[in-house]
Protein chains: 2
Amino acid sequence: MTMNAAGGRRRPPTIHDVAREAGVSRGTVSRVLNGGHYVSPAAQEAVNAAIRRTGYVVNRHARSLITGRSDSIGFLLTEPQERFFEDPNFNVLLRGCTQALAAHDIPLLLMLAGTEDERRRITRYITAGHVDGVLLVSSHSGDPVAEQLRGAGVPLVACGKPIGLGSKVSYVAADDRDGARDMVRHLLSLGRRRVGMVTGPLDTPGGVERLAGYKEVLAEAGLDFDERLVVSGDYSRASGEAGAERLLAQAADVDAVFVASDLMAQGVLAALQRAGRRVPEDVAVGGFDDSPAALASRPELTTIRQPWDRISAEMVRVLLAQIGGEDPAAVILPTELVKREST
Amino acid sequence: MTMNAAGGRRRPPTIHDVAREAGVSRGTVSRVLNGGHYVSPAAQEAVNAAIRRTGYVVNRHARSLITGRSDSIGFLLTEPQERFFEDPNFNVLLRGCTQALAAHDIPLLLMLAGTEDERRRITRYITAGHVDGVLLVSSHSGDPVAEQLRGAGVPLVACGKPIGLGSKVSYVAADDRDGARDMVRHLLSLGRRRVGMVTGPLDTPGGVERLAGYKEVLAEAGLDFDERLVVSGDYSRASGEAGAERLLAQAADVDAVFVASDLMAQGVLAALQRAGRRVPEDVAVGGFDDSPAALASRPELTTIRQPWDRISAEMVRVLLAQIGGEDPAAVILPTELVKREST
DNA sequence: CATGCTTCTGTGAGCGTTCACAGTAGAGAA
DNA sequence: TTCTCTACTGTGAACGCTCACAGAAGCATG
C-alpha cells in the first residue's frame, strides 16, 4: 500500500521526520543543517545518519519564507538579442557564474532583457525581492537598470565598470587600459609603425579605456596620434568589418590593427582578406577578450585575455559579500597577452 | 519614523494588508490573485485597486510552501562547455524559452551540466523537487539523465528526439528527414550530381534522420549511393572542417555538400576555401539549423531553418501541460529551406 | 414556508522551516 | 552547598500564503 509507485511522487520527508528518526528535536536538526554550531558530535552524527536514511532534502520555500532570503540570484543581461546570439563571451560568463554559484548551492535565474518591456517586467520581478541579488551584464550605455535596482536596495554586481558612478555600484572588470597597452606594445615590437585601432563603443568606460591605452603607448613610443587610424565600432562582428573598410579607405598604409573585441577582429580579418591584405604579413591584427571566437578565427587571433573564470568567480564573491551586508566593491583583474597567428 | 530610507528595505505588504485595504478577507484576495473565479465584480475591483495602492507582490515562497509547486522550471543543458561556447543555437533556444516562460511569469533556472559531477548535483537538485519541470537540451547520446528524471516522475521535455524511447519522454523536434530532403533536392535542382554529405553524430535520431533524408532523395533521383561521399561529424565547426578534408580526399569530384549543421558548414567552407574550391561555383554548400552562424558565414549559408521560436514555445507549452497532468507528447515541426549565397 | 441550488465570502488550519527563548546538564569557582 | 558559566537541546511562535469548509445571501422550485 505504498505511494511511491513509478510516476507518483511520495510525500517527501520533512525535518520532523529526520528529528524523529534521529531521536532529537527539530531545532537540533535545523542547527546541523545550518553549520552545526552548538550541536554535540553525537547529535551531529545521528542527524546526518538520519538524513542519509530518509533521503531528506531541505524545503527551500519553507526556509525562504522565514529567512526572507530566496537563496537564488539573477543573471541579468540587458543586451539586444543579436548581441546575445553573436557573442560567446556571454556564454563563458554564464558558465562561470553558474559554476561559482553551484559551489554555494545557489541557483541562477536567467533574465534576458532584450526589449524595454522585458526590462520593466524583470525590474519589477527583482525589486519584488524574488532574488537576493543580481549579476548584471550590460556593456551598453545609459542603462538605467543599475541605478534603479541599486536605488531599490538590491545587491548588484556589474560586469565591467558601469556608466553612472553616482550611486556606488559594485563591479568586476579586467584592466582594460593595461591590456590595451600590452597589445599595442606588442604590435610595435613587431616593427609596425602604422598601428590602427577599431575601438569599442566610446560611451562605455571599457571602450574609452582601451582607446586610452592605445594612445598612451603611441605617445610613449614617440608616434604621433593620427585620427585617420582610429575608427569606432560597437563590439559586433559587422561593426568590425565596416570599421576595417573605413580604416583602409582613410589610411591605406596601415600595417597593424588593434581591435577592441575579438568579434570585431573577426570582421576586420574578413575585410582585410577581401581587400587582398595578408594577415599577419601585410597587416597584423590584435583582438581583445580571448573569446572562444579568437580560436575559431583563421588565422587564430592574437588577443588580450580577459580572465573570465576569475571575473565570474569574483562577481559571485562580491555579490554574496554584499548580500551578507558588506559594502559595494570594485575589483580590477589583470589581463594577459596571448600570442597566436594573427600577429 | 518610516523605515523605507534609501538602501533599507521596508517590510513588504502581505495579502493581509491588501485584504484590510480592500475591506475584504484574505480568501477573497487570494481568489482574485488566482484567476478570480467566484469573486463578485465589486470585490474584484476593490482588491485590484488595493493591490495597486499598496504595491503588493505575492510572496512566492509562501505560496510554494502550501501548493507544493515551485513555479519555476529548469533549463538543463548536458553538453560539454565547448559546445555551449561554440554553438549559438543554444542561445537562441535559451532566449525563446525565457520569453515563452515569461508570459506565464515563470522564471528559468539555468543548469549547465558540463561534467559528470555537475550532472549528479543537478539531478539531485531537480529530483528534490526544486523545479516543477525540466527543459532538456542534450543532443548527445547515451544521456541517462532523461531516463533518471523521468523515472523520478519529473515532467520533462527534450529538444529533439531523445535516444532511449523506453520510458515515454516528451520532445519537440524539427522534421529532420524532411528538411534534409528539401536541401538535397535543392542541390540536385542546381544540376549537381556528386552531392556529398557531412552527417551529424549517428548515435542520435537527428543525425540518423538527416542522413536518411539525403539517401532517400538520391534514390528518388536515381543516383547511386556512394559511401565515399559521406563522412560524419559531431555538429562542431572543427568536425566540419575535418570532414570536408576527408571528403575531398575520398571524392575529389564532389560538387555539392549537404552539411548537417551550420557550424559544421562553416568548417566545410573554410576547408573548401583552403583547398582552392570556390563556393558556390565549384562546390555548393548547404547547412542545417539556420543558426545565427549561417548569416555570419562568407558566403552566407543556404540552410534548412529550424523554427526555433516555435520549438521553444512548444517545449514550454508541452512542459506546462505535462505539469498540469497531461500525458507526454511528441511535437514535430516543419522546416523551411532558406536560400542564400552558398548554393 | 421549506428546500435546494448557485454564487459569493470569511475563517481556521496548516504547509516546513528558522528563530528566540527557556531550560537542562555538567564543570568549575566561591 | 550554591552560584555562575558554558555547551547543548527542546518548544512555541511565526513567516505569508492557499485550501477546505462553513456559512450567508439571493433566487427559483416544490
Side-chain angles (χ1 to χ4, degrees), chain A residues 3 9-51 54-72 105-106 128-130 132 323-324, chain B residues 3 9-48 50-51 54-72 105 128-130 132 323-324:
Chain A
M3 282 282 294
R9 290 211 226 180
R10 194 229 290 268
R11 193 169 148 290
T14 73
I15 203 173
H16 217 108
D17 300 325
V18 175
R20 189 160 14 85
E21 182 80 14
V24 298
S25 72
R26 284 169 10 241
T28 300
V29 176
S30 178
R31 276 183 286 265
V32 171
L33 252 33
N34 298 290
H37 297 301
Y38 284 91
V39 182
S40 69
Q44 182 97 241
E45 184 43 48
V47 169
N48 283 327
I51 288 177
T54 55
Y56 170 78
V57 197
V58 68
N59 181 324
R60 300 172 85 106
H61 304 302
R63 172 183 285 170
S64 292
L65 180 55
I66 189 158
T67 60
R69 283 175 283 119
S70 72
D71 289 320
S72 68
D105 204 29
I106 296 178
H130 295 320
D132 294 339
I323 291 170
Chain B
M3 283 280 294
R9 289 210 226 180
R10 191 229 291 266
R11 192 169 148 291
T14 72
I15 202 172
H16 216 108
D17 300 323
V18 176
R20 189 160 15 84
E21 182 80 15
V24 299
S25 71
R26 289 172 2 246
T28 300
V29 177
S30 177
R31 276 183 286 264
V32 171
L33 254 31
N34 298 289
H37 297 303
Y38 285 92
V39 182
S40 69
Q44 184 96 241
E45 185 43 48
V47 168
N48 283 327
I51 288 177
T54 54
Y56 170 79
V57 197
V58 69
N59 181 323
R60 300 171 85 105
H61 304 302
R63 172 183 283 171
S64 291
L65 181 55
I66 187 158
T67 61
R69 280 175 285 118
S70 71
D71 289 320
S72 68
D105 203 30
H130 295 319
D132 293 340
I323 291 169

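Residue numbering restarts at 1 for every chain, and letters A, B, ... go by the order of the sequence lines. Because the structure is predicted, anything quoted here is derived from the model rather than measured.
One N or O on the side chain of B:Asp132 and one on the backbone of B:Ser70 form a donor-acceptor pair closer than 3.5 Å. B:Ser30 contributes no side-chain N or O that, together with a main-chain N or O of B:Arg26, makes up a donor-acceptor pair within less than 3.5 Å.
Once you apply a 4.0 Å limit to the heavy atoms of chain A, the touched nucleotides of DNA chain D run 5' to 3' over D:dC8 to D:dG16.
No side-chain heavy atom of B:Pro12 sits under 4.5 Å from any side-chain heavy atom of B:Val57. Taking the side chain as every heavy atom from C-beta outward, B:Gln44 and B:Asn48 approach each other to under 4.5 Å. For the pair B:His61/A:Thr67, no side-chain contact is recorded, criterion being any heavy-atom separation below 4.5 Å from C-beta on.
Pairs engaging residues 29-38 of chain B under the salt bridge (charged side-chain N to carboxylate O under 4.0 Å, His left out) rule: none recorded [sequence neighbours left out].
To the nearest 0.5 angstrom, A:Arg20 atom CZ is 13.0 Å from A:Ile15 atom CD1.
For the contact set between residues 38-48 of chain B and DNA chain C, defined by any heavy atom under 4.0 Å, the members are B:Tyr38, B:Val39, B:Ser40, B:Ala43.
Distance, A:His37 NE2 to C:dT18 C1': 16 Å, rounded to whole Å.
Evaluation of the side-chain contact (heavy atoms from CB on, under 4.5 Å) rule for A:Ala19 yields A:Val29 as partners, not counting sequence neighbours.
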Practice problem: Assess whether side-chain contact (heavy atoms from CB on, under 4.5 Å) is satisfied between B:Arg11 and B:Thr14, documenting all intermediate values. | Solution: CA-CA 9 Å; B:Arg11 192 169 148 291; B:Thr14 72; 4.2 Å; yes
Practice problem: Treat primed atoms plus P, OP1 and OP2 as sugar-phosphate and everything else as base, then score nucleotides 11-17 of chain C 5' to 3': B for base contact with protein heavy atoms under 4.0 Å, S for sugar-phosphate contact only, - for none. | Solution: BBBBBBB
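Across B:Leu33, B:Val47, B:Asp17, a single residue satisfies side chain to side chain contact (heavy atoms under 4.5 Å, CB included) together with B:Tyr56, and that is B:Leu33.
Of all heavy-atom pairs spanning A:Val58 and A:Arg63, the tightest one is CG2-NH2, 3.5 Å. For the pair B:Ala50 and B:Ala22, the tightest heavy-atom approach, listed with the atom from each and the gap, is CB-CB, 3.7 Å.
Two end axes, each from the C1' atoms of five base pairs, can be drawn for the helix from C:dC1-D:dG30 to C:dA30-D:dT1; they diverge by 60°, to 10 degrees.
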